[in-house]
Each structure stands twice: as structure tokens, then as C-alpha cells.
K.L.:
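Sharing a structure here in C-alpha cells format.
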Amino acid sequence: MNLYDRIPNNVNLSEDKKLQRALEKWLPNYLDWWREMGPEGFQEKDVWLRTAVDVGSEGWAHFDYVKMPDYRWGIFLEPPQPDAKVGFGDNYGRPAYQEVPGEFRNALRRIIVTQGDTEPASVEQQRQLGKTCPSLYDLRNLFQVNVEEGRHLWAMVYLLHGYFGRDGRDEADELLERRSGNPDKPRILEAFNQPCDDWLNFFAFTMFTDRDGKYQLSALAESGFEPLARTCQFMLTEEAHHMFVGDTGLGRVCRRTAQLMKEGDVRELGGIPLEIIQKYINFWFSYSLDLFGGEISSNSADFFAAGLKGRYKERDQYTDHLATNENFTMTIVEDGELQDREVPLRNALNEVLRGEYVKDCEKGLARWNKVLAEEGASERLYLPHPRFHRHVGEFAGHTFDLQGNLISREEFERHKSEWLPTIEDREYVRSLMHPVFEIGKIANWIAPPAAGIKGKPFDYEYVKL
Ligand SMILES: [Fe+2]
Ligand SMILES: [Fe+2]
């Protein structure tokens with residue numbers, strides 16, 4: 001097999017012998033990791049998957065049956081822009097960095113490793129889900145997400161191998177050594193150590209946690225370190241499908257629940273009650289908010305100053321790319337109460353990015369509420385306040401209700417079972433998770449999708465079992 005068939009790429013890999021050797025050494029370790037930690041029980045099955053084979057608006061992806069271990073995890077970057085410039089920060093307007101600037105080397109490596117670590121982590125979190133899929137369509141979507149997260153790992157490992165020399169190679173190895181939820185060698189970020197062992201979790205994860213990924217990648221897609229920017233720009237094309245899976249998945253659960261509500265008691269009818277859906281939203285939304293980091297952050301200021309990590313749509317949405325003179329007002333806890341505080345804008349960029357994310361999530365909620373309305377339900381779902389149930393930043397260590405009011409720990413504990421999934425809730429959801437492997441059939445707790453994938457009908461044999 002030639003090199004391109006093994007590692008499809010647009011980074012001229014066949015010319016770069018050093019990089020080629022490094023990646024070829026890493027490849028068998030990656031495949032071992034995939035076999036050990038990838039989707040369990042389906043490695044030998046033919047799955048109708050898309051594979052990135054090129055960049056560009058038309059024809060970047062190829063759809064066909066493939067066994068997952070034979071998936072071609074390629075390395076694709078958006079084509080370079082002639083005269084690319086640093087788009088923000090202290091070096092605004094200077095030529096973009098084609099190599100890692102020495103003074104930012106550690107910061108940049110940290111950013112790439114932290115992003116890279118989430119990719120294999122999510123595959124690990126989701127590895128048991130295939131066994132309880134609600135339909136072949138959903139099973140295929142799960143595997144699509146999984147192989148693309150694997151490709152995103154490749155993309156990050158390419159940067160580590162290609163631009164960081166020896167310590168980059170060590171970091172690339174460690175990306176295959178940490179394990180989601182393992183107390184001795186956990187994944188770096190907490191949301192990626194949470195179990196994702198039922199499909200309601202999966203849909204909430206791809207809706208809320210992959211969407212954090214969208215905003216992190218978007219901020220890095222603005223980066224003045226051009227190889228990183230171009231890598232992230234291309235990853236975003238694939239990421240859109242992951243969020244689609246979560247967004248429409250939850251929408252379909254809402255639809256089915258609302259349909260069952262018309263017939264009688266949702267639980268007795270084997271559906272997922274809206275209260276449980278709401279608790280899963282509360283759980284995953286709050287953990288995903290943590291991924292943006294502290295509200296007030298000198299790291300965010302440093303990354304912005306260095307031109308490494310911009311704001312969402314930095315180029316299109318802002319005119320002042322220096323952000324030196326502005327302040328940002330945020331509400332934080334001081335002396336045991338909520339108080340407004342003015343922060344230099346550059347130190348508030350995590351919060352600015354989080355705000356963009358929250359707006360995007362609200363649109364998802366509006367879509368689900370539209371589904372509920374269509375089915376004649378008067379109940380509505382909502383996002384909890386961003387202060388609720390936080391473990392990172394200004395609100396960690398304090399307790400809030402769903403509206404964001406500061407409350408005592410005792411009061412939080414009293415209401416916790418109304419706000420967050422209980423063990424019983426999780427067990428109940430799990431009790432509904434029986435696999436449906438028949439072509440064109442679907443589990444009782446979820447509605448079928450409005451359409452299939454890439455023009456195929458819902459009753460297509462998306463996975464050959
Ligand atoms: Fe990803
Ligand atoms: Fe993703």
C-alpha cells in the first residue's frame with residue numbers, strides 16, 4: 001500500500017521523510033489504541049462512512065462501506081492563504097507564524113495537547129454505545145463521530161510531530177496513554193472523564209460538548225500560527241456533523257416524548273420523561289461551560305496577545321483586533337455575594353467565547369421547544385444559568401440554583417436530585433437502551449430522523465451486521 005493510501009494527506013507527507021517516519025511509527029500504536037479503546041464489538045463490520053479525501057468545497061468527502069480499523073485517517077489542512085497575517089494581538093498585521101515562535105512554544109504545545117486529548121477521550125467515553133443503538137442510522141452516526149474524532153487526533157499529532165520535535169513526539173505518545181475516567185491517568189479535561197454510557201448522554205454530549213469543541217476550534221482557526229489555524233478550519237467541517245447528531249438526536253427524543261405524553265404516562269409507555277431530558281441538559285451544559293476555562297484568565301490574555309488564540313470569528317466580527325483599551329463587565333462572587341466587576345477585555349476572553357457558545361446553545365433549545373410545540377406539548381426545555389453547577393472558574397466552590405441565584409450548599413443538596421440526573425434517572429434511561437439492529441426500525445423512546453444520510457433513506461443498511 002502506498003503512503004497516500006495509508007495516510008491520505010495534503011501536507012506533502014511523501015516529501016517529508018522525517019515526519020513520515022515519525023507518523024509511521026505512531027500509526028501502529030494508534031491502531032492498537034483504536035482496537036483496545038474504539039467502538040467495542042463492531043470493528044469487523046462494514047459501516048457506511050464518509051472519509052475525508054481532499055479539502056475544498058466540493059468533493060472533500062467520500063462515502064462508502066469501510067471496516068473501522070481500515071478507515072483512512074488522513075491529515076488535511078485548509079489550503080494556505082497567500083500573505084497570511086497574524087489577525088489579532090500584539091503582533092497584529094505581521095506575517096503569520098509558519099514555525100512555532102520560540103517564546104510561545106510551551107503555551108502552544110499546551111493548547112494543542114489539551115485540544116488533542118479531547119479527541120481520543122470522546123471515543124473512549126462512547127465505546128460501549130454501539131451495543132444499545134436505537135437504529136442502524138444512529139449506529140452509523142456514532143461510528144462516524146468516532147472515526148472523525150480519531151482523525152482529529154491525527155491532525156493534532158501531525159502538528160506535534162511536525163512542529164515540536166522530540167517533546168512533540170512524547171506528547172503524541174501520551175495522547176494514546178491517558179484514558180477517559182481512569183483515576184491514575186485521566187484525560188486532561190473533566191467533561192472528558194464523565195461516562196457517556198447511554199444514548200441520551202451521547203446526544204447531550206455531541207450537542208453541548210462537541211459544541212464547545214466548535215468554539216475552541218473556531219478560536220484556534222483564527223490563530224497566527226498558520227498550520228494550527230488551517231488544521232482547525234478543516235476540522236470544523238467535520239465537527240458540524242457531530243453537533244447535528246446531538247442536536248437532532250435530542251430533538252428526536254423530545255418529539256417521541258411529546259408524542260407519548262399525548263398517549264399517557266411517558267414512563268409507562270417506555271419513553272424518556274421531559275424532566276430527565278432537562279436534567280441531562282443541565283448536567284452536560286454545565287460541564288461543557290467549564291471547558292472554556294476561568295472567567296478571568298491571564299492565559300487567555302497571553303494567548304490573545306501572542307496571536308495564538310483569537311475570538312470567535314475574530315476577522316469577520318471585530319474591527320478592533322488589539323482589544324487593549326476595552327473592559328468587560330462580568331458578575332462574580334465577592335465577599336459572599338454576586339457583584340459586578342470590570343475586567344480588562346483580554347483577561348475576559350474565555351468568558352466572551354463562552355457567551356458566544358451560550359447563544360448557540362440557546363438556538364438548539366429553541367429548535368427542541370419548537371418540536372414540543374409541534375407535538376402539542378405545553379412544557380418547554382431551557383438552559384440553566386451559566387453559573388449553575390460549575391467546577392472551573394469564578395463560580396466553582398459556590399452553589400447556585402438553575403436561575404443563577406447564589407444559594408447555600410445545603411439548599412443545593414436539597415434540590416440536587418431535581419436538577420441533575422440521579423442514579424435512578426440514569427438507571428431508568430439505561431433500562432430503555434435495547435439495541436435495534438433491524439433495517440428501518442427504531443427504538444420506542446426516540447422518533448426517526450427527518451431524512452437519512454447523504455440522500456440515503458432512513459431504512460438504508462448503514463451498518464452491515
Ligand atoms: Fe473533534
Ligand atoms: Fe466532534
Side-chain angles (χ1 to χ4, degrees), residues 1-11 27 30-31 34 38-39 41-79 119 122-123 126-127 129-130 133-155 199 202-203 206 210 213-214 217 231 233-249 251-252 435-442 448-465:
M1 216 193 246
N2 70 31
L3 179 68
Y4 189 89
D5 284 336
R6 258 175 305 144
I7 311 175
N9 69 88
N10 70 343
V11 295
L27 176 63
Y30 172 79
L31 286 173
W34 179 269
F42 297 89
Q43 300 275 1
E44 297 313 314
K45 306 296 179 193
D46 282 310
V47 188
W48 199 67
L49 292 174
R50 79 174 173 193
T51 304
V53 290
D54 200 358
V55 292
S57 50
E58 22 181 311
W60 66 272
H62 173 75
F63 284 76
D64 207 349
Y65 286 106
V66 57
K67 294 182 185 25
M68 284 183 278
D70 300 334
Y71 191 78
R72 294 159 71 220
W73 284 282
I75 301 166
F76 291 100
L77 280 65
E78 285 292 311
E119 316 287 357
S122 67
V123 175
Q126 296 161 14
R127 66 189 297 262
L129 284 172
C133 67
S135 72
L136 288 186
Y137 164 92
D138 290 289
L139 186 62
R140 178 257 168 219
N141 284 348
L142 167 70
F143 295 155
Q144 184 69 61
V145 170
N146 292 158
V147 292
E148 284 175 351
E149 301 305 6
R151 203 199 68 72
H152 294 175
L153 172 61
W154 268 93
W199 281 76
F202 174 62
F203 291 137
T206 38
D210 277 78
K214 168 185 166 181
L217 292 175
T231 300
Q233 284 155 15
F234 187 69
M235 287 161 75
L236 282 164
T237 357
E238 291 165 319
E239 210 56 63
H241 177 68
H242 308 181
M243 287 174 286
F244 163 86
V245 168
D247 189 346
T248 56
R252 290 158 54 210
V436 177
F437 291 136
E438 264 170 281
I439 299 170
K441 293 274 163 54
I442 186 132
I453 293 294
K454 187 77 181 168
K456 300 285 186 211
F458 170 65
D459 61 1
Y460 185 68
E461 193 175 13
Y462 287 105
V463 185
K464 291 186 178 171
L465 297 174

K.L.:
Whether the E149 and H242 side chains hold a donor-acceptor pair (N or O, under 3.5 Å, no angle test) is what I'd like checked.
P.N.:
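A donor-acceptor contact under 3.5 Å links the two side chains.
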
K.L.:
Working note: M235 + E119, criterion side chain to side chain contact (heavy atoms under 4.5 Å, CB included); need CA distance, chi angles, decisive distance, verdict.
P.N.:
CA-CA 11 Å; M235 287 161 75; E119 316 287 357; 3.4 Å; yes

K.L.:
Could you tell me the separation between the NE2 atom of H152 and the OG1 atom of T231, rounded to the nearest 0.5 Å?
P.N.:
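Spacing of NE2 (H152) from OG1 (T231) equals 10.5 Å.
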
K.L.:
With sequence neighbours excluded, what pairs up with E148 under the salt bridge (Lys or Arg N to Asp or Glu O under 4.0 Å) test?
P.N.:
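With sequence neighbours excluded, E148 shows a salt bridge (Lys or Arg N to Asp or Glu O under 4.0 Å) to R50, given in chain and number order.
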
K.L.:
Using side chain to side chain contact (heavy atoms under 4.5 Å, CB included), reason through F203 and V245 one step at a time and then give a plain yes or no.
P.N.:
CA-CA 7 Å; F203 291 137; V245 168; 4.2 Å; yes

K.L.:
Could you work out, with salt bridge (Lys or Arg N to Asp or Glu O under 4.0 Å) as the rule, every residue matching E438, not counting sequence neighbours?
P.N.:
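Applying salt bridge (Lys or Arg N to Asp or Glu O under 4.0 Å) to E438 gives K441.
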
K.L.:
Identify the two heavy atoms, one from G130 and one from L142, that lie closest to each other, and give their separation to 0.1 Å.
P.N.:
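Scanning both residues, the minimum pair turns out to be N-CD2, 3.5 Å.
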
K.L.:
Among all residues two or more places apart in sequence or in another chain, which pass the side chain to side chain donor-acceptor pair (under 3.5 Å) test with W154?
P.N.:
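Residues passing side chain to side chain donor-acceptor pair (under 3.5 Å) with W154: none at all.
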
K.L.:
Just to verify, what does E238 make a salt bridge (Lys or Arg N to Asp or Glu O under 4.0 Å) with, not counting sequence neighbours?
P.N.:
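Counting only residues at least two positions away or on another chain, E238 forms a salt bridge (Lys or Arg N to Asp or Glu O under 4.0 Å) with R151.
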
K.L.:
Suppose we screen for side chain to side chain donor-acceptor pair (under 3.5 Å). Which residues come up paired with Q126, at least two apart in sequence or across chains?
P.N.:
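By the side chain to side chain donor-acceptor pair (under 3.5 Å) rule, Q126 matches N146.
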
K.L.:
With distance as the sole test, does W73 use its side chain to make a donor-acceptor pair with the main-chain N or O of I7 at under 3.5 Å?
P.N.:
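Flag not set: sc W73 to bb I7 has no pair under 3.5 Å.
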
K.L.:
Under 3.5 Å, which donor-acceptor pairs do the side chains of residues 451-461 form with other protein atoms, sequence neighbours left out?
P.N.:
unit_1 : atom_1 : unit_2 : atom_2 : d
Y460   : OH     : Y65    : OH     : 3.4

K.L.:
Of the non-hydrogen atoms in L217 and L236, which two are nearest, and what is the gap between them?
P.N.:
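Answer, listing the atom of L217 first, then L236: CB-CD2, 3.8 Å.
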
K.L.:
Residues in salt bridge (Lys or Arg N to Asp or Glu O under 4.0 Å) with R140, at least two apart?
P.N.:
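Per chain and number, R140 pairs via salt bridge (Lys or Arg N to Asp or Glu O under 4.0 Å) with no residue.
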
K.L.:
Partners of D46 by side chain to side chain donor-acceptor pair (under 3.5 Å), sequence neighbours excluded?
P.N.:
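Once residues adjacent in sequence are excluded, the partners of D46 under the side chain to side chain donor-acceptor pair (under 3.5 Å) criterion are K67.
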
K.L.:
Please find the pair of heavy atoms, one from L129 and one from F202, that lie closest to each other, and give the distance.
P.N.:
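The answer is CD1-CB, 3.5 Å.
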
K.L.:
Check whether any side-chain heavy atom of C133 sits under 4.5 Å from a side-chain heavy atom of F143, and report yes or no.
P.N.:
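Of all side-chain heavy-atom pairs linking F143 with C133, none is under 4.5 Å.
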
K.L.:
Looking at every non-hydrogen atom in both residues, tell me the closest pair between Q43 and G38 and how far apart they are.
P.N.:
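Heavy atoms only, the tightest pair is NE2-C, 3.7 Å.
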
K.L.:
Residues in side chain to side chain donor-acceptor pair (under 3.5 Å) with D138, at least two apart?
P.N.:
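Counting only residues at least two positions away or on another chain, D138 forms a side chain to side chain donor-acceptor pair (under 3.5 Å) with S135, R252.
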
K.L.:
Please identify each residue that fulfils side-chain contact (heavy atoms from CB on, under 4.5 Å) with L465, with sequence neighbours left out.
P.N.:
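Scan of L465 (side-chain contact (heavy atoms from CB on, under 4.5 Å), adjacent residues dropped) gives F42, K45, L136, L139, F437, V463.
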
K.L.:
Going by the rule side-chain contact (heavy atoms from CB on, under 4.5 Å), which residues pair with V66 if we only count those two or more places apart in sequence or in a different chain?
P.N.:
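Counting only residues at least two positions away or on another chain, V66 forms a side-chain contact (heavy atoms from CB on, under 4.5 Å) with L49, D70, Y71.
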
K.L.:
Which heavy atom of D210 sits nearest a heavy atom of T206, and at what distance?
P.N.:
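So the two residues come closest at CB-O, 3.2 Å.
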
K.L.:
What pairs with R127 under side-chain contact (heavy atoms from CB on, under 4.5 Å), at least two apart in sequence or on another chain?
P.N.:
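If we apply the side-chain contact (heavy atoms from CB on, under 4.5 Å) test to R127, skipping adjacent residues, the hits are M37, E40.
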
K.L.:
Relative to each other, are the rings of W48 and F63 parallel, tilted or perpendicular (30° and 60° limits)?
P.N.:
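Rings of W48 and F63: tilted, 30 to 60°.
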
K.L.:
Using every non-hydrogen atom in the two residues, find where P39 and V123 come nearest and quote the distance to one decimal.
P.N.:
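P39 and V123 have their closest heavy atoms at CD-CG1, 4.5 Å.
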
